[in-house]
Amino acid sequence: MRPKHRGDGPTYDEADLLRRARAAKGRAYAPYSGFHVGCAVLTEDGRLFEGTNVENASYAVTGCAETTAIRHMASTGYRGQIVAVAVVGDGDDPVTPCGACRQVIFEFGPEAMVYSSGDGGRPLVTSITELLPHAFGPKRLNQGRAETD
Ligand code: THU
């Protein structure tokens, strides 16, 4: 895959991002589902954050790989934009972010590219706007808040 350049953001190689997500997958904590997921998040200033799914004996408390990576990013104080997200999961087909993760990606990366892969085959290349059309996010929230203040 050829390196991508997005606006003023960093040049990146999507194959490299997917490799980082695949490496993260190896550190997943998934004793209940046995389904391992890794994620790599690239920011506009060129930083990279990784995450895995972290399951819990109380199943509903499980965290997805994407939210783990993005919460780590945000907890470092980073408030810029996410440029690209790579997700890799067990099995042949690409793993696209679940619905909740799409919302979390949109919060910090309303224009983010999303690269999804499984263990083999061609990655699926898409974007958060395609995965979460007509999304509700901070801009719309602030519009409503300005009107009522
Ligand atoms: N999972 C993720 O980490 N990301 C997704 O986008 C899809 C699902 C995890 C959650 C759970 O640990 C396992 O995959 C099975 O759902």
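If you're wondering where the values come from, they're calculated on a predicted model, not measured in any experiment. Basis for what follows: all heavy atoms, side chains included, without hydrogens, waters or symmetry-related copies. Counting convention: from 1, in listed order, for ligands and their atoms alike.
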Among all the protein's heavy atoms, is there at least one whose distance to atom 16 (O) of ligand 1 comes out below 4.0 Å?
no
Verdict with supporting geometry, T62 and V54, side chain to side chain contact (heavy atoms under 4.5 Å, CB included):
CA-CA 6 Å; T62 288; V54 181; over 6 Å; no
Under 4.0 Å between heavy atoms, the region of T96 that gets near ligand 1 turns out to be backbone
Calculate, to the nearest 0.5 Å, the distance between atoms CZ and CZ belonging to F49 and R71 respectively.
15.0 Å
Should the pair R20-D13 be classified as a salt bridge under the 4.0 Å nitrogen-to-oxygen rule?
no
Atoms in ligand 1 flagged as close to P97, the criterion being non-hydrogen separation under 4.0 Å:
6 (O)
Could you verify whether a donor N or O on one side chain and an acceptor N or O on the other, from D45 and T43, lie under 3.5 Å apart?
yes
Modelled atom types, side-chain donor and acceptor of E55 and S33, under 3.5 Å:
yes
Taking the side chain as everything from C-beta on, heavy atoms only, tell me whether L124 gets closer than 4.5 Å to S117.
no
Among non-hydrogen protein atoms, atom 8 (C) of ligand 1 lies closest to C64 SG, 4.0 Å
Between L42 and R47, is any pair of side-chain heavy atoms under 4.5 Å apart?
no
Using a 3.5 Å cut-off on N or O atoms only, is E66 in polar contact with ligand 1?
yes
Minimal heavy-atom distance between A24 and G51, with the atoms involved, is CB-O, 3.7 Å
Under 4.0 Å between a side-chain nitrogen and a carboxylate oxygen: does that hold for E66 and R102?
no
Which atoms of ligand 1 sit under 4.0 Å from any heavy atom of E55?
11 (C), 12 (O), 13 (C)
Would you say C98 has any N or O atom under 3.5 Å from an N or O of ligand 1, going by distance alone?
yes
Nearest protein heavy-atom contact for atom 9 (C) of ligand 1: which residue, which atom, what distance?
N53 ND2, 3.6 Å
A30 near ligand 1, heavy-atom distance under 4.0 Å?
no
Flag A65 as yes when one of its N or O atoms lies below 3.5 Å from any N or O atom of ligand 1, and as no otherwise.
yes
Close-contact set for ligand 1 against T62 heavy atoms, below 4.0 Å:
11 (C), 12 (O)
Looking only at distance, does S33 have an N or O less than 3.5 Å from an N or O of ligand 1?
no
Give me the nearest non-hydrogen protein atom to atom 14 (O) of ligand 1 as residue plus atom name, then the distance to 0.1 Å.
F35 CD2, 3.4 Å
